Amino acid sequence: MDGGDAAAILRQAFGDSSDEEGDQLDGLVARDGDEREPPRRPAPRQSPTWAPIEEIDGLWLCGDFLSPEQQRSLLSAVEEEGWFIEASHNQAMRFGSLPAWATELSNSIREAVLLGDFVPEFELSNSDAREATSLFPILPLELLGREPLFDQLIVNLYHPGEGICAHVDLMRFGDGIAIVSLESPCIMHFTWVGDTCNTSSEVENEQPMSKVPVYLPPGSLVLMSGEARYLWKHEINRKPGFQVWQGQELDQKRRISITLRKLSIAE
């Protein structure tokens, strides 16, 4: 499926949408007195490779989302924001209007889904829109076609040994969450939480499911939707003994993660 086919599919399912924002970004020029070039779009490789995490419905990994050069470009854009100049600062959040590089990253994620190896080639008519979700296994069509795809950004900086406790993202954010990893590789562990509203003894007496490890190399992209987003906790424990992959302890250095989400309620 090429870019024209992908765009046609979305137009048929959702109607024409304004490309004004994208046109403005593509034609971005330096302001008077500002000689810096705008950050280059970290477009995905021509044929991104997606792999489903078989144990978890709705969890997909694109290990080659960004090339080393694209990783360096994206990292430079993050560092130019100046969020982490002070040692005490390790997180930055943005809502609504995102930095240009984050908007371009969002566009690249959409393209990676549309052009990924797991997206089948097919022609979609308006009457087929209801069935389109099954034909877009990486991210359901109703999420893939929303505008903007993401409107909330979190950038976290983790030093060696630092991670994040097991959690499910707040319900104020909608379905479909993307996480891009930069610098140090890591292992993200997922744990089933089930239906938190069901307090029956049958559920309480069930044996807990073991953690599912997912290796995140630098430049990788994780997408969580459906069960993966709502019914699985995810965590990163970078203490010694927890970052082991294929029998080898990972060399833990500084890691930066970029999380993109969509608000489901008005702030």
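Predicted, not measured: the structure shown is a model, and the values here were computed from it. Note that these values count all heavy atoms, side chains included, but never hydrogens, waters or copies made by symmetry.
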(message) Surrounding CD1 of I85 (heavy atoms of other residues, nucleotides or ligands, distance under 6.0 Å), is the total greater than 12?
(response) no
(request) Considering non-hydrogen atoms only, spot the tightest contact between P140 and S225 and give its length. (result) CD-OG, 3.8 Å
(message) Determine whether the aromatic ring centres of residues W245 and Y215 are separated by less than 6.0 angstrom.
(response) yes
(request) Quick one: closest heavy-atom pair of R146 and G176, and the distance? (result) NH2-O, 3.4 Å
(request) Of all the heavy-atom pairs spanning S257 and I179, show the shortest one and how long it is. (result) CB-CG2, 4.4 Å
(request) Applying side-chain hydrogen bond (donor to acceptor under 3.5 Å, both in side chains), run through H234 and H167 and close with a yes or a no. (result) CA-CA 6 Å; H234 56 281; H167 68 284; 3.2 Å; yes
(request) Go through the steps to decide whether E183 and R255 satisfy the test salt bridge (charged side-chain N to carboxylate O under 4.0 Å, His left out), and finish with yes or no. (result) CA-CA 5 Å; E183 299 191 290; R255 174 178 179 265; over 6 Å; no
(message) Could you measure the distance from the CE atom of M188 to the CG atom of L216? Nearest 0.5 Å is fine.
(response) 5.5 Å
(message) Check this for me, if you would: do E142 and K262 make a salt bridge, where the nitrogen-to-carboxylate-oxygen distance has to be below 4.0 angstrom?
(response) no
(message) Does R238 form a side-chain hydrogen bond (donor to acceptor under 3.5 Å, both in side chains) with Q243? I'd like the steps, not just the answer.
(response) CA-CA 6 Å; R238 298 213 303 166; Q243 289 291 303; over 6 Å; no
(request) Rounded to the nearest 0.5 Å, what's the gap from CG on D169 to CE on M171? Could you check? (result) 7.5 Å
(message) Please evaluate residues E81 and W101 with respect to the criterion side-chain hydrogen bond (donor to acceptor under 3.5 Å, both in side chains), reporting the C-alpha separation (whole Å), side-chain torsions for both, the decisive distance (0.1 Å), and the verdict.
(response) CA-CA 11 Å; E81 297 287 351; W101 60 263; 2.8 Å; yes
(request) Supply the atom-to-atom distance F173 CZ to L263 CG, rounded to the nearest 0.5 angstrom. (result) 5.5 Å
(request) Might you point out which heavy atoms bring V193 and Y230 nearest each other, and give the distance in Å? (result) CG2-O, 4.1 Å
(message) Between E162 and K253, is the salt bridge (charged side-chain N to carboxylate O under 4.0 Å, His left out) condition met? List the steps.
(response) CA-CA 10 Å; E162 295 179 342; K253 299 178 180 178; over 6 Å; no
